[in-house]
Amino acid sequence: MRKIAIIGGTGIYSPETLQCFEEKVIQTPYGAALCNIGTMCGNQVIFITRHGVGHKTAPHKVNYRANIWALKSLGTEEIFATTAVGSLNPDMEPGHFVVCDQVLDFTKSRINTFYDNPERGVAHVDFTNPYCPRLRDKVINCLYKTDIIFHKKGCYVCTEGPRFETAAEIKMFAMLGGDLVGMTNMPESLLAREAEMCYTNCSIVTNMAAGISPTPLSHSEVVEAMDKSIKNMEQLIGAFIAA
Ligand code: HPA
């Protein structure tokens with residue numbers, strides 16, 4: 001029996017396959033985390049909707065530490081997280097899925113560690129590869145069995161938000177090697193590493209990034225684009241749990 005967590009980003013609030021799960025509030029030293037817990041294909045599955053019920057929590061306000069601590073306390077071994085992203089890479093188009101392999105962290109205000117308290121001491125974790133290679137392979141193998149257009153690699157630039165980026169920022173990120181831009185993979189992926197859980201991400205391109213897109217960006221555009229990809233993402237989540 002695997003112990004798997006799914007962290008659903010924008011648009012992924014209550015996947016059909018996980019609907020008969022039991023809702024539980026898990027208390028942590030960092031606050032409460034709402035988890036939906038159930039069993040699928042013989043595996044324990046915990047679902048967290050990152051932005052909360054009704055998408056009320058902005059990316060810079062998500063309680064990443066409570067979510068990751070709760071998953072650890074429930075015995076989670078593998079975390080599969082979804083994120084909506086803008087694309088800087090002309091080959092990565094709206095509707096495409098990307099199994100990121102690298103991160104550039106441009107967040108500013110978030111507490112990004114569990115090791116900030118004298119009792120726990122100081123630690124410097126290795127983050128050369130921010131996503132678990134074994135889980136990335138699993139997601140890629142699941143994607144090969146679908147009709148979803150996907151990319152096996154991508155560099156995720158995490159911005160602070162909640163505003164979208166300027167055209168100059170996007171130009172700079174592209175020069176630095178970024179492919180995608182989103183607001184939530186940090187510190188989530190890093191906290192999972194500190195808590196010694198395998199973590200991987202699958203990003204869904206919802207729009208071309210600021211200055212590349214011919215029109216101004218809006219959250220409703222992102223949500224509408226995600227709506228079109230929900231069936232594909234639910235299929236991938238189901239395949240990942242069964243794999
Ligand atoms: N920028 C930041 N986050 C995003 C975007 C974007 O263009 N699209 C979806 N999430």
Side-chain angles (χ1 to χ4, degrees), residues 6-13 15 48-52 54-64 67 80-110 112 130-131 148-151 153-190 199-234 236-237:
I6 310 293
I7 302 181
T10 300
I12 309 293
Y13 303 115
I48 287 183
T49 177
R50 186 187 289 119
H51 297 282
H55 198 110
K56 294 211 177 87
T57 313
H60 65 300
K61 292 282 188 189
V62 171
N63 195 340
Y64 296 98
N67 288 349
F80 174 66
T82 78
T83 40
V85 289
S87 172
L88 289 59
N89 181 332
D91 294 335
M92 298 177 178
E93 298 174 21
H96 291 193
F97 284 29
V98 187
V99 187
C100 296
D101 65 326
Q102 276 300 326
V103 168
L104 288 168
D105 183 8
F106 280 86
T107 59
K108 294 172 188 161
S109 73
R110 309 173 186 189
N112 64 358
Y131 304 105
I148 301 167
I149 302 173
F150 72 98
H151 303 264
K153 279 182 173 190
C155 180
Y156 180 109
V157 182
C158 195
T159 58
E160 180 64 16
R163 67 166 175 85
F164 290 111
E165 300 70 37
T166 66
E169 286 168 341
I170 292 298
K171 234 186 225 172
M172 174 183 75
F173 296 151
M175 284 164 67
L176 293 176
D179 295 300
L180 304 168
V181 63
M183 301 177 192
T184 52
N185 244 227
M186 292 297 294
E188 192 173 87
S189 52
L190 172 58
Y199 178 101
T200 192
N201 162 266
C202 185
S203 293
I204 303 124
V205 179
T206 53
N207 57 282
M208 296 313 288
I212 302 173
S213 167
T215 51
L217 305 185
S218 69
H219 182 62
S220 54
E221 173 192 353
V222 170
V223 172
E224 273 168 36
M226 264 310 300
D227 279 349
K228 294 189 192 142
S229 295
I230 282 178
K231 282 272 159 291
N232 280 344
M233 185 46 92
E234 292 196 351
L236 178 59
I237 290 172

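When a ligand or atom number is given, it counts from 1 through the structure's own listing order. When a residue number appears, it is its place in the shown sequence, counting from 1.
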Chemist: With sequence neighbours excluded, give me every ring pair (Phe, Tyr, Trp, His ring centres under 6.0 Å) pair touching residues 83-110.
Modeler: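 Non-adjacent pairs meeting ring pair (Phe, Tyr, Trp, His ring centres under 6.0 Å): His96-His151, Phe106-Phe173.
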Chemist: Just checking, any donor-acceptor pair under 3.5 angstrom between side chains of Glu160 and Thr107?
Modeler: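 Note: Glu160 and Thr107 side chains miss the donor-acceptor criterion.
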Chemist: Taking the basic N atoms (NZ, or NE/NH1/NH2) and the acidic carboxylate oxygens, is any pair closer than 4.0 Å for Lys171 and Glu165?
Modeler: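 Glu165 and Lys171: not salt-bridged.
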Chemist: Does any donor atom in the side chain of Asn185 or Tyr131 lie under 3.5 Å from an acceptor atom in the other side chain?
Modeler: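 Indeed, the side chains of Asn185 and Tyr131 share at least one donor-acceptor pair under 3.5 Å.
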Chemist: Do Thr184 and Thr83 have a side chain donor and acceptor closer than 3.5 Å?
Modeler: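 Note: Thr184 and Thr83 side chains miss the donor-acceptor criterion.
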Chemist: So what's ligand 1 close to, N/O to N/O, under 3.5 Å?
Modeler:
from: ligand 1; atom 1: 1 (N); to: Glu165; atom 2: OE1; distance (Å): 2.8
from: ligand 1; atom 1: 1 (N); to: Glu165; atom 2: OE2; distance (Å): 3.3
from: ligand 1; atom 1: 7 (O); to: Asn207; atom 2: ND2; distance (Å): 3.0
from: ligand 1; atom 1: 8 (N); to: Gly86; atom 2: N; distance (Å): 3.2
from: ligand 1; atom 1: 8 (N); to: Asn207; atom 2: OD1; distance (Å): 2.8
from: ligand 1; atom 1: 10 (N); to: Ala84; atom 2: O; distance (Å): 3.2

Chemist: Are a donor atom and an acceptor atom from the side chains of Ser87 and Asp179 found within less than 3.5 Å of each other?
Modeler: no
